[in-house]
Amino acid sequence: FVPEVVTWKEGTDKKGKPWKKVGVKLPGERGWSGSFDQTIGEIAESAKDNKEEITLTYKVDGAYLTIVELFKTGKQAA
(Lines give C-alpha, C1' and ligand atoms only; values in the text may rest on other atoms or scores of the structure.)
Protein backbone atom coordinates (compact mmCIF):
# COMPACT_ATOMS: atom_id res chain seq x y z
CA PHE A 1 0.00 0.00 0.00
CA VAL A 2 0.99 3.64 -0.41
CA PRO A 3 1.08 5.38 2.96
CA GLU A 4 -1.27 8.35 2.89
CA VAL A 5 -0.55 9.60 6.41
CA VAL A 6 2.78 9.54 8.24
CA THR A 7 3.07 11.42 11.52
CA TRP A 8 5.91 12.20 13.90
CA LYS A 9 5.76 12.74 17.65
CA GLU A 10 8.64 13.92 19.80
CA GLY A 11 9.16 14.14 23.51
CA THR A 12 11.42 13.22 26.40
CA ASP A 13 11.22 10.31 28.78
CA LYS A 14 11.25 10.57 32.58
CA LYS A 15 15.05 10.73 32.59
CA GLY A 16 15.09 13.58 30.07
CA LYS A 17 16.20 11.44 27.12
CA PRO A 18 14.64 12.66 23.84
CA TRP A 19 12.59 10.30 21.66
CA LYS A 20 10.93 10.53 18.27
CA LYS A 21 8.20 8.15 17.08
CA VAL A 22 6.74 7.68 13.61
CA GLY A 23 3.16 6.59 12.97
CA VAL A 24 1.92 5.10 9.71
CA LYS A 25 -1.83 4.98 8.98
CA LEU A 26 -2.75 1.49 7.80
CA PRO A 27 -5.24 0.97 4.97
CA GLY A 28 -8.93 0.69 5.76
CA GLU A 29 -10.01 0.44 9.36
CA ARG A 30 -6.83 -1.23 10.66
CA GLY A 31 -5.65 1.86 12.50
CA TRP A 32 -2.04 2.90 13.02
CA SER A 33 1.32 1.21 13.40
CA GLY A 34 4.36 2.94 14.86
CA SER A 35 8.08 2.73 15.49
CA PHE A 36 10.90 4.54 17.25
CA ASP A 37 13.25 3.46 14.42
CA GLN A 38 14.15 6.63 12.51
CA THR A 39 15.12 4.72 9.34
CA ILE A 40 11.66 3.17 9.19
CA GLY A 41 10.17 6.65 9.54
CA GLU A 42 12.33 8.10 6.80
CA ILE A 43 11.40 5.29 4.39
CA ALA A 44 7.67 5.72 5.17
CA GLU A 45 7.87 9.50 4.71
CA SER A 46 9.72 9.13 1.40
CA ALA A 47 7.21 6.55 0.15
CA LYS A 48 4.31 8.86 1.05
CA ASP A 49 5.88 11.87 -0.66
CA ASN A 50 6.75 9.90 -3.82
CA LYS A 51 3.56 7.79 -3.89
CA GLU A 52 5.55 4.55 -3.66
CA GLU A 53 4.11 1.30 -2.35
CA ILE A 54 5.44 -0.18 0.88
CA THR A 55 5.15 -3.46 2.70
CA LEU A 56 5.38 -3.55 6.45
CA THR A 57 5.40 -6.17 9.14
CA TYR A 58 4.22 -5.34 12.62
CA LYS A 59 3.86 -7.11 15.94
CA VAL A 60 1.05 -6.69 18.43
CA ASP A 61 2.55 -5.14 21.53
CA GLY A 62 -0.30 -4.82 24.03
CA ALA A 63 -2.63 -2.21 22.57
CA TYR A 64 -0.04 -1.11 19.98
CA LEU A 65 1.02 -2.32 16.54
CA THR A 66 4.79 -1.89 16.44
CA ILE A 67 6.46 -1.83 13.02
CA VAL A 68 9.14 -4.52 12.83
CA GLU A 69 10.07 -4.12 9.17
CA LEU A 70 9.14 -1.66 6.43
CA PHE A 71 10.42 -1.50 2.87
CA LYS A 72 9.48 -0.05 -0.51
CA THR A 73 8.17 -2.56 -3.06
CA GLY A 74 9.62 -0.65 -6.01
CA LYS A 75 6.15 0.06 -7.43
CA GLN A 76 4.63 3.48 -8.00
CA ALA A 77 0.95 4.14 -7.31
CA ALA A 78 -1.23 4.21 -10.41
Side-chain angles (χ1 to χ4, degrees):
F1 71 96
V2 175
E4 294 181 15
V5 182
V6 176
T7 62
W8 292 90
K9 290 185 180 181
E10 296 182 58
T12 54
D13 66 14
K14 294 177 185 176
K15 295 181 180 180
K17 181 179 176 185
W19 57 264
K20 191 172 184 180
K21 183 176 182 181
V22 64
V24 178
K25 175 85 169 74
L26 301 174
E29 300 299 318
R30 289 187 249 168
W32 291 80
S33 189
S35 176
F36 290 98
D37 184 316
Q38 299 306 293
T39 302
I40 285 175
E42 291 165 5
I43 293 169
E45 190 74 37
S46 171
K48 179 188 76 128
D49 293 345
N50 296 305
K51 297 185 178 11
E52 296 171 292
E53 291 185 8
I54 61 168
T55 297
L56 66 80
T57 304
Y58 61 83
K59 68 177 180 176
V60 178
D61 191 13
Y64 302 101
L65 303 178
T66 301
I67 300 171
V68 175
E69 180 181 49
L70 184 148
F71 59 91
K72 294 181 184 181
T73 64
K75 297 179 183 178
Q76 292 287 126

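Distance alone, capped at 3.5 Å, places no donor-acceptor pair between the E69 side chain and the T55 backbone. Panel note: side chain Q38, backbone F36; a donor-acceptor pair is recorded below 3.5 Å.
Note that CD of E52 and CG of N50 are 4.5 Å apart. Values are rounded to the nearest 0.5 Å. Between the CD atom in E45 and the OG1 atom in T7 there is a gap of 9.0 Å [rounded to 0.5 Å]. To the nearest 0.5 Å, atoms NZ (K25) and CZ (R30) are separated by 9.5 Å. Rounded to the nearest 0.5 angstrom, E42 CD and I40 CD1 are separated by 10.5 Å. Taking CD1 of I54 as the reference point, atom CG of L70 lies at 4.0 Å (rounded to 0.5 Å). Separating the CG atom in L65 from the CG atom in L26 is a distance of 6.5 Å, to the nearest 0.5 Å.
By the neighbour-count criterion of 12 heavy atoms within 6.0 Å, atom NZ of K72 is densely surrounded, having more than that number from other residues, nucleotides or ligands. Other residues, nucleotides and ligands place more than 12 heavy atoms under 6.0 Å from the NZ atom of K20.
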Assess whether side-chain contact (heavy atoms from CB on, under 4.5 Å) is satisfied between E53 and Q76, documenting all intermediate values.
-> CA-CA 6 Å; E53 291 185 8; Q76 292 287 126; over 6 Å; no
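Nearest approach of P27 to F1, heavy atoms of both residues: CG-CG, 3.5 Å. Residue T66 comes nearest to S33 through the heavy atom pair C-OG, 3.9 Å, listed as atom of the first residue, atom of the second, then distance. Of all the heavy atoms in P3 and A47, the pair that sits closest is CG-CB, 4.0 Å.
Other residues sharing the hydrophobic cluster of Y64, ordered by chain and number and joined by side-chain separations under 4.5 Å: none, the residue standing alone.
When hydrophobic clusters are built by joining Ile, Leu, Val, Met, Phe, Trp and Tyr residues whose side-chain heavy atoms come closer than 4.5 Å, directly or via intermediates, V60 is not grouped with V68.
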